[in-house]
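Structure, as C-alpha cells:
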Amino acid sequence: MTDIKSPAIPTTEQTAPQVKFADFGLAPEILRALTDQGYVHPTPIQEQAIPVVLQGRDVMGAAQTGTGKTAGFSLPIIQLLLAHASNSASPARHPVRALILTPTRELADQVAENVKAYSRHTPLRSTVVFGGMDMAPQTAILRNGVEIVIATPGRLLDHVQQKTVNLSQVQILVMDEADRMLDMGFLPDLQRIINLLPKKRQNLMFSATFSQEIKKLAASFLTNPQTIEVARSNATADNVTQILYKVSTEEKRDAVSFIIRERGLKQVIVFSNTKIGASRLAVHLVKQGVKASAIHGDKSQQERMAALEAFKQGEVEVLVATDVAARGLDIAELPCVINFDLPYNAEDYVHRIGRTGRAGAKGDAISLHTDQDERLLIDIEKMIKQKIVRLNLAGFVAASVHQPEHRAPRERGEQSDRGGRDRSDRGERSERPARSYQPPKEKVDPWFLKPYEPSSGASSTSNNTTASMASPSNASTPAKPQKRAALLGGFPKA
DNA sequence: AAAAAAT
C-alpha cells in the first residue's frame, strides 16, 4: 500500500501556492454549491483526499476532527457520480451508487445535510436513513430512487429486508468514523451490509483515530489503499487547551456547575460515561438554574434531535451527553467541552475534545478525574503523546496535588487490581521500559487559585462508596447535594 | 465496563 504520510514532513505547509476548489476539475454545479457557502480554499485533508478519491482509489484517511473530512469525501463522490447522472424520473435510473455509513443517527443526519448542500445544483438525489424514525417516509424516498444513501447500519439492513433498497449497484462505500464502525458492536451489521455490495467498488474510511488493531482490520476491507494522514494520527488539535481537575466522586456534580458558573459558559458539552449519569447530571444542573438538557441512547429520537437543536440554537446552554455525541458532530463555535467522567477508551477522549476547537477556533477541554482514573489518564496521555497539566480546582479536593504513590496505603482492599502493587507494576512501564512515565508537574490554575483547605471531606472518597463498586453512576445515587455555597461565596470573581 | 445501532 502506498503511503503519503511521512511523519517528518509537514504535509500541509509544503504546498506554497494556495490551492482552490476550482483546481480539482470539479463540475461547475459543485463549485457553485461551494461558492454558495463561501468556500474557496480546501482544507489540507480535502486537498489530499479529493484528487485521490477522484482517481477511484481506496482511502484510509486519518485527520484531526473539524478539518473538513465530510467535504473531503462528499465532493469527489458527487463528481464521480455526476459523470453518469440521470435526469430520468424512473427509480430504476437512480440506483444507490454511493453509501455512507455512520455510527450515530445524528452524525448521519449531519453528513446528509452536507451532501444535500454540495449536490443541490446537480440532478443527484440523496437521502438519510436511520432508526427511531418512521419507516414510511424513508421507504417512500428510497422507492423513488436515490444515488446517495447516508445511513446507520441497523435501519439500513431493515430497509434491505423490506426490499425498499437495493445495494447491488453501490460503487462507493464510505465508513465515517471508521474505527467505531469496525468495533465489535458494529462489525456484524457492517459485514452483512458489505456482503450485499458488489465486490468491485471503491472504499473510503475516515476517522480521527485509528488504533493499530483497527488499522489492520480496516486494511482487510480495502484494496491497495492510499493512506492520507494530515498531521500525526491519534492527535488532538493544538488549538484546544486541555485541563485536568482532580475531585472526589461526590464532588463531581458540584464541580461541573462550579466550572460552568465561574467561567460563565454559555455553550458547553458535558460528557458522561453512562446514560443514567447523563440524565441525572442534567436534572441536577437544571435544578441549579442551568439551562441543561441530556442526550443519549435511551432518549427517543425526537428528544435527541430536540436537545441537539435547542443546544445549537443556544436555548440549551449545557448539553449533557454520552459518547453518542462524542464523534463527528459539528457544533459551530463550541468553546468548551467538559469530561464529567474520563472516557474508558483513550480514542474517545480525542473524539470528545474534538467537538471544540473546530475549524481552527480555540477551545478548552476540561476533564474531571478522581483517584480511580489514574490508569485512564496514563492511557490518554500516551495516546495523545502529550501530558495534560493537572490543576487544582479551588475549594474542591486538593488531594489533587498528590500523585498516587505519595498517598498512604489504602485501608480497604476495594481496588483489587492495584492492591499490594505499585506503579511500576502497572503495564505502562513494562511496555516502554526505556522511558519511564513522568507525571506532569501540577500547576495551580490562576483562574481558580485558592489556598487548599484540608477538610475531612478530602478523604471521603474511600469511605462513602461502600458496596457501590465505585462506579460513577452508582456513586452519585442518593448522595445528599453538598452545599458548596460557602466556598463559592469567598471566591474571587473573574 | 459502557455506549451505539432495528423493533
Side-chain angles (χ1 to χ4, degrees), chain A residues 99-111 128-139 142 149-165 175-194 196 207 209 214 249 269-281 294-305 308 319-329 339-352 355 370 372-373 375-376 379 414-417 465 468-476:
Chain A
L99 176 60
I100 302 170
L101 298 174
T102 74
T104 68
R105 298 165 179 177
E106 284 76 11
L107 186 53
D109 211 20
Q110 177 183 298
V111 171
V128 64
V129 150
F130 54 78
M133 304 284 282
D134 256 6
M135 279 293 266
Q138 297 177 1
T139 301
L142 288 172
V149 169
I150 302 96
T152 50
R155 179 56 71 90
L156 180 68
L157 284 168
D158 204 351
H159 280 292
V160 167
Q161 234 167 6
Q162 310 286 325
K163 301 231 191 301
T164 52
V165 69
M175 289 180 220
D176 201 6
E177 303 300 334
D179 62 332
R180 171 60 80 242
M181 301 303 298
L182 292 172
D183 87 8
M184 288 310 289
F186 279 108
L187 202 50
D189 276 355
L190 193 69
Q191 193 63 66
R192 257 171 239 135
I193 291 168
I194 286 176
L196 298 163
S207 182
T209 58
I214 293 295
T249 307
I269 299 185
V270 181
F271 283 105
S272 158
N273 281 357
T274 63
K275 292 178 277 198
I276 201 135
S279 279
R280 282 176 185 159
L281 179 56
I295 183 168
H296 58 68
D298 277 352
K299 296 243 175 197
S300 73
Q301 194 53 35
Q302 283 68 27
E303 288 174 309
R304 284 166 59 160
M305 293 191 299
L308 189 57
L319 187 66
V320 189
T322 58
D323 279 327
V324 71
R327 285 164 180 266
L329 291 193
N339 283 314
F340 176 76
D341 300 313
L342 278 182
Y344 292 118
N345 299 314
E347 282 93 357
D348 290 332
Y349 177 85
V350 174
H351 287 278
R352 284 182 181 186
R355 291 321 97 220
T370 67
Q372 293 107 58
D373 295 332
R375 179 71 237 180
L376 297 175
D379 287 345
E414 83 271 26
Q415 292 283 325
S416 54
D417 62 327
T465 51
S468 66
M469 312 284 283
S471 96
S473 57
N474 287 338
S476 60

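Small disclaimer: the values here were computed from a predicted structure and weren't measured. Letters A, B, ... are given to chains in the order of the sequence lines, protein chains preceding strands, and every chain is numbered from 1.
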Inset, instruction - Could you tell me whether A/Asp341 and A/Arg352 make a salt bridge, using a distance below 4.0 angstrom between a side-chain N and a carboxylate O? - result: no

Inset, instruction - Kindly say whether A/Leu308 contributes a backbone atom to a donor-acceptor pair with the side chain of A/Glu106 at under 3.5 angstrom? - result: no

Inset, instruction - Have a look at A/Gly131 and say if it touches a base, only the backbone sugar-phosphate, or nothing, with a 4.0 Å heavy-atom cut-off. - result: sugar-phosphate

Inset, instruction - Decide, yes or no, whether a salt bridge links A/Arg180 with A/Asp348 under the criterion of side-chain N to carboxylate O below 4.0 Å. - result: yes

Inset, instruction - Name the nucleic acid region contacted by A/Arg304, choosing base, sugar-phosphate or nothing; use a 4.0 angstrom heavy-atom cut-off, strictly under. - result: sugar-phosphate

Inset, instruction - Give A/Asn345 one of three labels, base, sugar-phosphate or nothing, depending on what nucleic acid heavy atoms sit under 4.0 Å from its own. - result: base

Legend entry - Bounds of contact between DNA chain B and chain A, in 5' to 3' order, using a heavy-atom cut-off under 4.0 Å: B/dA1 to B/dT7

Legend entry - A/Tyr344 side, atom OH; A/Asp323 side, atom CG - distance, nearest 0.5 Å: 10.5 Å

Inset, instruction - Flag the pair A/Arg375 and A/Asp379 as a salt bridge only when some basic side-chain nitrogen lies within less than 4.0 angstrom of an acidic carboxylate oxygen. - result: yes

